[in-house]
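Presented below is the structure to which this report refers.
Ligands are counted one by one from 1 in listed order, and the atoms in each one are counted from 1 as well. None of these values were measured; they are calculated from a predicted model. Hydrogens, waters and symmetry mates play no part in the numbers below; they use all other heavy atoms, side chains included. The residues of the chain are indexed from 1 along the displayed sequence.
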Amino acid sequence: MNATRDDAERKQVTVLFADVSGSMDLAEGQDPEEWRKIMQRFFAILADAVTKFEGTVDKFTGDGIMAVFGAPVAHEDHARRAGYAALQMLDDVAGYAAELRRGPGLNFSTRIGINSGEVVAGAIGQGSDSEYTAIGHTVGLAQRMEALAEPGKAYVTEHTAELAGGFLDLSDLGEFEIKGASRPIRVFELAGVGSARSRLDLSRERGFSSFVGRAEEMAALEGALDAAKEGRGGAVGLVAEPGVGKSRLCHELAQRCREQGLEVFEAQAQAHGTSTPFMPVLQMLRAFFGIGEREPAQLAREKIAGRALLLDPGFAEDLPLMFDFLGVPDPERPLAQLSAEARQRALARIVCRLVDAPSRRKTLVLVLEDLHWIDEGSNVLLAELVASIEGTNTLAVLNFRPEYSPPWSGAPSYREISLEPLAGADTRELLRDLAGADPSLDGLDEPIHERTQGNPFFIEEIVRELAETGHLEGERGAYRLARPIEDTGVPVTVQAVLAARIDRLDPAAKQLLQVASVVGKEIGVRALGMTAGLERDRIDPVLCELIEAGFLFEAELYPERVLAFRHPLTREVAYGTQLAESRAATHAAAARATIELEPDRLDELAALIAEHMEAGGERLEAARWSARAAHWAGHSRPQDALRLWRNVTGLAAGLEENEETIGLGVLSRMMQLDYAWRLGMESGEAAALAAEATAIATRVGDLRSLALLKLLTSARPGVAYRASEWIEAAEEAIRLADESGDLDLRVAIRGAGCYAQMCAGDLDLVERAAEEIIELGGGDAGVGAGIVIGCPPAWALMARSIALKERDRLAEAERAADDSLRLAAEFGDPETESWSRGNKSTVMAERGELEAALALARRNCELTDQLGDVFSRSLALNSLGYVQIATGEAEAALATIELADRVYREAMNAGGEGEAWRGTLRARALLGAGRVEEALAQAEESTHIARERGMNWQLPSALLVLAQARRAAGSTGVEQALDEATAICERLDHGLTLRKIDVERATLSAA
Ligand SMILES: Nc1ncnc2c1ncn2[C@@H]1O[C@H](COP(=O)(O)OP(=O)(O)O)[C@@H](O)[C@H]1O
Ligand SMILES: [Mg+2]
């Protein structure tokens, strides 16, 4: 890895400031030497409290200290630790102050300020002078808390309260305007230790979610309990990552036991207690003897002696040791001197005998939690307990995270269960319980399950976070979605847990995990190695560690080894801990690695490479790769293409001007416009894009782009109001294209011209334009490809087919349709294929092959939906409606056509050139459904539109249905409409419609 890499990191920590209040006044009356001694003692008290809870003294501030909890090594309970340290400081300083008051008569007190949040932690300064420190707004706010605090008090911010509330007793002082903070901050006074001991206690206080799943695990535990009842006691270990539900399962078991009248004793190791010996054992024994927190010593001794002797009179000689161990030594019967080991062994023996006292018939259940934090002494003691539990009436249920491995794992009476995350159905149930069943929440299950991977703690915290950030409104269990959920980040509580896990890794593993988080959700091992600058043999063992620790898993082994993050939130946290600058460098390296390793898949990977380049700050590269990705997405994924072209425009805007960047700026805007007529775009946005692109193209004299812009602004589909104007604009665009001499452009633009002629109904000109496209292409299907349409010659063949169909040469029309389809498919132009398939289905319908036509039209709708563009979708629906009318399914046809109209109008805010056509079809369907009045009104409107705009392709059909509707309604003007239609059909050789008019006339005269 880069040698000059900055090792600093972003970290979630808690910062504590403590000082002597009024030290200047105090110092004045003192001999400096004496004063120094006092201050040193004072510093020692503060520093001891910090060290006790594994914080770091960051610096001495002259009259106090700054301490950090959670860095350099993260602790998931950094806020609690800071709170406990503060309580210890207040206590110890108060003791020392009393001493000073009695002695030199000084009035001494301390003030403490605490805040939690993100800092940048790392070395500051040069070479050997550099020091590890934390920097950031979080630090400043902690210092302000200290300044705000009254003498003898500790103040904490809302940020710390959010993490440690419940574990600490906090009294709300209200909101304060704090200098340097953009909004008022809620401040709390630290009043003492809170009632919660574990996260589960907190959940209990908030109200448990209903218990879901876990049927199998519960059955296993109950099996072990039954065995214990029969004198076949044992120990069961539950293993799972944090938040998966170890404590909750234990709690549910304990509840059931208590309901059966069994005795249950619980204890847990604490993250900040690893250095305090025997904490969990003491807790367990206190529970066993029923000793409360502040029990008077004499009373405590009576309880211990009473219970122990009742179980086994032999305990009499052990009482002094038991008293001493439980912190209530008997002054009358002092304990004989024992070595530490002897004492520990004696204790272990006592505990085992308590569990297996001969007089005890009743089943005993011990629950010991979070053994991954257990101290060495307790660990040894517990091992002995497990070894001796066989044959007793005791069930010990233990739980821990995967990083801990119990020394007794081979013991015959021990069994281990690993707890899996919740299944999808359980997640859904839990979410229903937490959030409710409001319809606005539909669709939330999937993304939340995906993000949390079924970890109930993460699920609960994310729901809380969503409620706190206003995405969810209402009460717990009955929320409504108030705002769509974009990226909400990782809740701080979850972040604390995950960051601490990441920090426990070896530095090499941690660094590789960070690189992996930049590379992606799924990580090819070669790309990872290259990005990290590590050789194969160096990377493998580190990956092993990451897989074993449960951060990554092998998603694929063949053809390449691909790893993936087990948890998306872990990836986000690993990503977020890095400094922006080094992360950017890693992104750029990841892009380069991909380019080098995947030369054959560059099109496919272009979007990914572009993202890395952009995040790596390489804008030009990002623009180039985005453009490549956009080309590749093309008409088969128009939404993606549009998004990518937008991105290119944005990127190009920030780049130094040169031929390439100007070109990208113009091209990307034109391509957006090209997708606008397929997908719809706000008219203001489209106009702005056109104006910007035209300005640039004019400035640099880019004829080619000007031709295309002419097309995209005034000759593209959807823009025309009158056919004559449309054709004129198209001819102008063709002229510009010819002037530019660019063959591709000349071919591509002729496609648009041909479409304008088609709508104007001039079949001769349609066929001539189609010929021209095919001729200019000279047999090369790729000429003009992708500029406006994917494969212009395939398009031309379709145009020919349409003209032939209108001339009533149906067999030839079908052949041309087949040629078009084949070419479009061969060339890989799904869009032209879609249009062509729609056309073919209508040709088949006219030939009377109704069933096949219907099947093809339906299939076409399905395939076209996958393209995701509105223009094509509306066309496909139109063809289906056409066929449905032919098969006599009037109602279905009506629904189809109305949908076609709606999707088009919603996206485009206009009816487009197909307006009269859809209207005509709708009138036919209405007539077929017997809704004569409506049919008549629709036919009038469509006729009007087609006539006004000169859309002669549709006008004869509109007139024909108008005549039919008039006849059905018994109104006048039937002949008149038919005559007008006949005249157009004869002039333009619309044989198909002419034939239908003749049928209508025959019906008329027969009547
Ligand atoms: N099966 C479950 N059904 C409902 N909620 C659960 C379930 N398992 C865990 N939870 C909730 O998820 C949170 C985390 O569970 P917890 O038991 O504290 O995890 P762990 O001890 O493994 O870290 C708790 O609030 C708990 O109530
Ligand atoms: Mg737990």
Heavy atoms from other residues, nucleotides or ligands near CD of E205 exceed 12 (cutoff 6.0 Å) | yes
For the pair E118 and R10, find out whether any cationic side-chain nitrogen is under 4.0 Å from an anionic carboxylate oxygen.
-> yes
Could you check F278 against F325 for ring pair (Phe, Tyr, Trp, His ring centres under 6.0 Å), going step by step and ending with a plain yes or no?
-> CA-CA 9 Å; F278 297 115; F325 184 62; 5.4 Å; yes
Side chains of Y84 and D77: do they bring a donor and an acceptor to under 3.5 Å?
-> no
Could you confirm whether S247 has any N/O/S atom lying under 2.8 Å from the Mg ion (ligand 2)?
-> yes
Are the aromatic rings of H567 and F458 close, with centres under 6.0 Å apart?
-> yes
Establish, yes or no, whether a centroid distance under 6.0 Å links the rings of F208 and H251.
-> yes
What short N/O contacts, under 3.5 Å, does ligand 1 make with the protein, listed by atom pair and distance?
from	atom 1	to	atom 2	distance (Å)
ligand 1	1 (N)	V212	O	2.7
ligand 1	3 (N)	V212	N	2.9
ligand 1	5 (N)	S209	OG	3.2
ligand 1	5 (N)	R248	NH1	3.4
ligand 1	17 (O)	S247	N	3.1
ligand 1	17 (O)	R248	N	2.7
ligand 1	19 (O)	G245	N	3.2
ligand 1	21 (O)	S247	N	2.9
ligand 1	21 (O)	S247	OG	2.8
ligand 1	22 (O)	V244	N	3.4
ligand 1	22 (O)	G245	N	2.9
ligand 1	22 (O)	K246	N	2.8
ligand 1	22 (O)	K246	NZ	2.9
ligand 1	23 (O)	R199	NH2	2.7
ligand 1	23 (O)	G243	N	2.7
ligand 1	25 (O)	S203	OG	2.7
ligand 1	25 (O)	E460	OE1	2.5
ligand 1	25 (O)	E460	OE2	3.2
ligand 1	27 (O)	R248	NH1	2.8

